[in-house]
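The next block holds one structure in the form of structure tokens; read it before the comments.
Each chain gets a letter, A, B and so on, in the order the sequences are listed, and its residues count up from 1. When reading the values below, keep in mind they use all heavy atoms of this one structure, side chains included, and skip hydrogens, waters and symmetry mates.
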Number of protein chains: 2
Amino acid sequence: MKLKEFASQLGLSPTTVSRALSGYPEVSEKTRKRVAEEAVRLGYRPNINAVRLVTGRAGAIGVIMGRTGEFHFAEFMSGMAERLDGEDIDILVSPTADRDATDEISLYNRLVTSGRVDAVIVHSPKPNDERIALLHGLGFPFLVHGRSETDVPHAWIDIDNESAIRRATSHLIDLGHRRIAMINGRHGRTFSLHRDKGYRDALQERGIPFDPRLVAHDHFTDELGFRYSRSFLEQSPRPTAFVAGSMMTALGIYRAVRSRGLVVGKDVSVIAHDDVFPYLTAENMVPSLSATRSSMRAAGARSADLVLQLLGGRPAEEIHELWTVELILRESTGPAPAEAQS
Amino acid sequence: MKLKEFASQLGLSPTTVSRALSGYPEVSEKTRKRVAEEAVRLGYRPNINAVRLVTGRAGAIGVIMGRTGEFHFAEFMSGMAERLDGEDIDILVSPTADRDATDEISLYNRLVTSGRVDAVIVHSPKPNDERIALLHGLGFPFLVHGRSETDVPHAWIDIDNESAIRRATSHLIDLGHRRIAMINGRHGRTFSLHRDKGYRDALQERGIPFDPRLVAHDHFTDELGFRYSRSFLEQSPRPTAFVAGSMMTALGIYRAVRSRGLVVGKDVSVIAHDDVFPYLTAENMVPSLSATRSSMRAAGARSADLVLQLLGGRPAEEIHELWTVELILRESTGPAPAEAQS
DNA sequence: AACATTTTTTAAAACGATTTGGTAGATTTC
DNA sequence: GAAATCTACCAAATCGTTTTAAAAAATGTT
């Protein structure tokens, strides 16, 4: 059913019907109500593409999904969806070639200039991120989930990774640990750098030398968690504690520790970062996992909210949000063992 | 840059330019080439919303995401993205109210009638799924990922859950197990029913009575896996084997078994269904997990492909694809223990 | 060289909404 | 009671493409 047809059935002009439905003031309450009721009854719904063309708004927020199928991603999106429910704005997920950086840039370019979306969310930025430069150059609204160090003013939301990891590491030092391994995220991403900094600062504060042989950077998978921790545990003296970037990594560490006949929480302490997944909870692991915690879903919801504000006209340089991360101590952390020779 | 402007810069009419770019035959090879080159050079790109309005195509496939943030989801979408890369079709993720079934139906209705997408993919259908009835009624293209028992002809892709679980259960029986517990998916979903059937048929084939106290239906989370298996293990005689619906469930079972001082693969055998996640692999669990395996990512890629075929005019009733599931035996399955009293 | 045919190009009509700039008629103001 | 203001509605322009129908140019045929 088209507007014209619908309007004539009501004995009104398309103008009035359009205004009635989009809540303009210049239409009497009586007609507005009638129009609304009839729209439901007759099932009239404006053609979204016509609306988009004429208003110039796309009614969608773009997200670019890497090929690696991050498990965080679904939670983040689910949070976005939660906030966007009822807003008549959807989430457009763009396949990424993911072959190289040039491709990714041209993908952003295409996505933005084609008018498919009103704003995009940039994930896991690097300190000097090309995507941010591009989007800023195009004058396109965007929100960065994470932080970068570029000069261009832009909206961002992030968690305080540095302080979270500093506190986690400090806590382990308080417990007497001196050889603390760190399995961090991918090289070059700002969040990894921030976590590195938190880790190193905590060590330095207490005069513990930094040992590069105790640090790894990679994707968050249980297998890599297992491999790195396994190889760290082969060192002598071996680490007595681990700081891990994700729950999956922690699963790998647990396995590695067990496979060496050691006990988590006694021989080896573990703190991991927990993005709060409904299907895998730190509390229920055995032993329960001490964690730095921040809800990915909440971040997604808030991100959607901030994008809405951005589109509503709030200046980007005003939108900076840094979330504090909880440190929750459970059974996987304990005093350093008296002696720790392998 | 608009078409009109771009065309006049080339000294051509909008018509010719449009045809040249969309590969119509009625334009000389020479002009076509020139147009293509200039388009790149001057950065002309058709306004997608105008194209959509006039062609009536949305250039997007819709997916409705439940609020529960299923971890399978990201993998499936990632697979879709892989296939859709380069097709200029994106994935539209719609937030779902998820409050009740009526809401979900009206959401599908809205999504479809608003012209935002060209087709939708329906996940985890029930035997008599309202969504299928609705979409069929609207004459809208859709692909069901999973199966239903409705009369309406429709396109679907599914894995052979029944046979997979029958084989898994049979194998456990071959190993001498008699009390085999089953932690299945949510009640009412066809895939759960199929798995139930496979399980029961395997038992019946070998004259083992079905015991409802050994079966659970719920979401796939490690916590629920733990709780159900824990309570099953408290029974006397206790089960000596588990068939589980997901990797997360299996993690929970492993924990429960360990927490009872039992050993997976020796005291208790476990087979789970593995959707193949890059971040959590059955092979790397300790002990490595025997699994029925089928790649969710591959399903996503193929689904996108089938939707493309559907949109290309292939009749829906012709698109039925049933994938065989591998059964991969690893260390988590072994002969039933001689005596198994708790 | 004239006509028929094919190839290339174009003007103008969609597509389905929003929005600008009005116009009647009712109400208020002086 | 005329002028000014307000209220409720509407006609027509607009958004940026694709596509239909037709004209112009090029080619082939006799």
Worksheet item: Heavy-atom contacts under 4.0 Å between residues 46-62 of chain B and DNA chain C, which residues?
Response: B:L53, B:V54
Worksheet item: Are B:E130 and B:K126 ion-paired here, with the side-chain N under 4.0 Å from a carboxylate O?
Response: no
Worksheet entry | Ionic contact status for A:R32 with A:E29, cut-off 4.0 Å | yes
Practice prompt. Whole angstrom is fine here: how far is it from CG in A:L3 over to P in D:dC10?
Written response: 12 Å
Discussion item. For a 4.5 angstrom cut-off between non-hydrogen side-chain atoms, does B:R131 reach B:I105?
Written reply: yes
Worksheet entry | Angle between terminal axes - the helix from C:dA1-D:dT30 to C:dC30-D:dG1, 5 pairs each end, rounded to 10° | 40°
Discussion item. Tell me the interatomic distance from A:E29, atom CD, to D:dT7, atom P, rounded to whole angstroms.
Written reply: 14 Å
Worksheet item: Tell me: NZ of B:K4 to P of D:dT17, nearest whole Å?
Response: 11 Å
Discussion item. Going by ring-ring contact (aromatic ring centres under 6.0 Å, His included), name the residues that satisfy it together with B:H136, two or more places apart in sequence or in a different chain.
Written reply: none
Mind listing the N/O atom pairs, protein and nucleotides 4-6 of chain D, below 3.5 Å?
none

Discussion item. Between C1' on D:dC9 and CD on A:E26, what's the gap in Å once rounded to a whole number?
Written reply: 10 Å
Worksheet item: So what does A:R32 touch, heavy atoms closer than 4.0 Å: a base, only the sugar-phosphate, or nothing?
Response: nothing
Discussion item. Test your reading of the model: is there a side-chain donor-acceptor pair from A:R52 to the backbone of A:A58, 3.5 Å cut-off?
Written reply: yes
Worksheet entry | Span of DNA chain C in contact with chain B (heavy atoms, under 4.0 Å) | C:dT8 to C:dG16
Worksheet item: Taking atom CD1 of A:I48 and atom CZ of B:R116, what is their separation to the nearest 0.5 Å?
Response: 4.0 Å
Worksheet item: CZ of B:F76 to OG of B:S295: how many Å apart, nearest 0.5 Å?
Response: 10.5 Å
Fill in: Residue-level proximity of residues 11-19 of chain B to DNA chain D when a heavy atom falls under 4.0 Å
B:T15, B:S18, B:R19
Worksheet item: Is B:N47 reaching over with its side chain to a backbone N or O of A:G115, donor-acceptor style, under 3.5 angstrom?
Response: no
Worksheet item: Just by modelled atom types, is the A:V51 backbone N or O under 3.5 Å from a matching donor or acceptor in the A:T55 side chain?
Response: yes
Worksheet item: Would you say B:R314's side chain and B:Q309's backbone share a donor-acceptor pair under 3.5 angstrom?
Response: no
Discussion item. Please check: side-chain N/O of B:D158 versus main-chain N/O of B:L322, any donor-acceptor pairing under 3.5 Å?
Written reply: no
Practice prompt. Return yes if some donor-acceptor pair links the side-chain N/O of B:D118 with the main-chain N/O of B:G59 below 3.5 Å, else return no.
Written response: yes
Item to complete: Tell me what B:F6 touches on the nucleic acid: a base, only sugar-phosphate, or nothing, going by heavy atoms under 4.0 Å.
Response: nothing
Discussion item. For B:H154 and B:F142, take the angle between the two ring planes, folded into 0 to 90°, and tell me which bin it lands in: parallel under 30, tilted 30 to 60, perpendicular over 60.
Written reply: parallel
Worksheet item: Hey, are A:R34 and A:E37 close enough for a salt bridge, meaning a charged N less than 4.0 Å from a carboxylate O?
Response: no
Discussion item. Is it true that, when you exclude B:R45 itself, more than 12 heavy atoms of the residues, nucleotides or ligands shown sit nearer than 6.0 Å to its CZ?
Written reply: yes
Worksheet entry | Parallel, tilted or perpendicular: ring planes of A:H320 versus A:W156, cut at 30 and 60 degrees | parallel
Item to complete: Would you classify B:T31 as touching base, sugar-phosphate or nothing, given that sugar-phosphate means primed atoms plus P, OP1 and OP2, and contacts are heavy atoms under 4.0 Å?
Response: sugar-phosphate
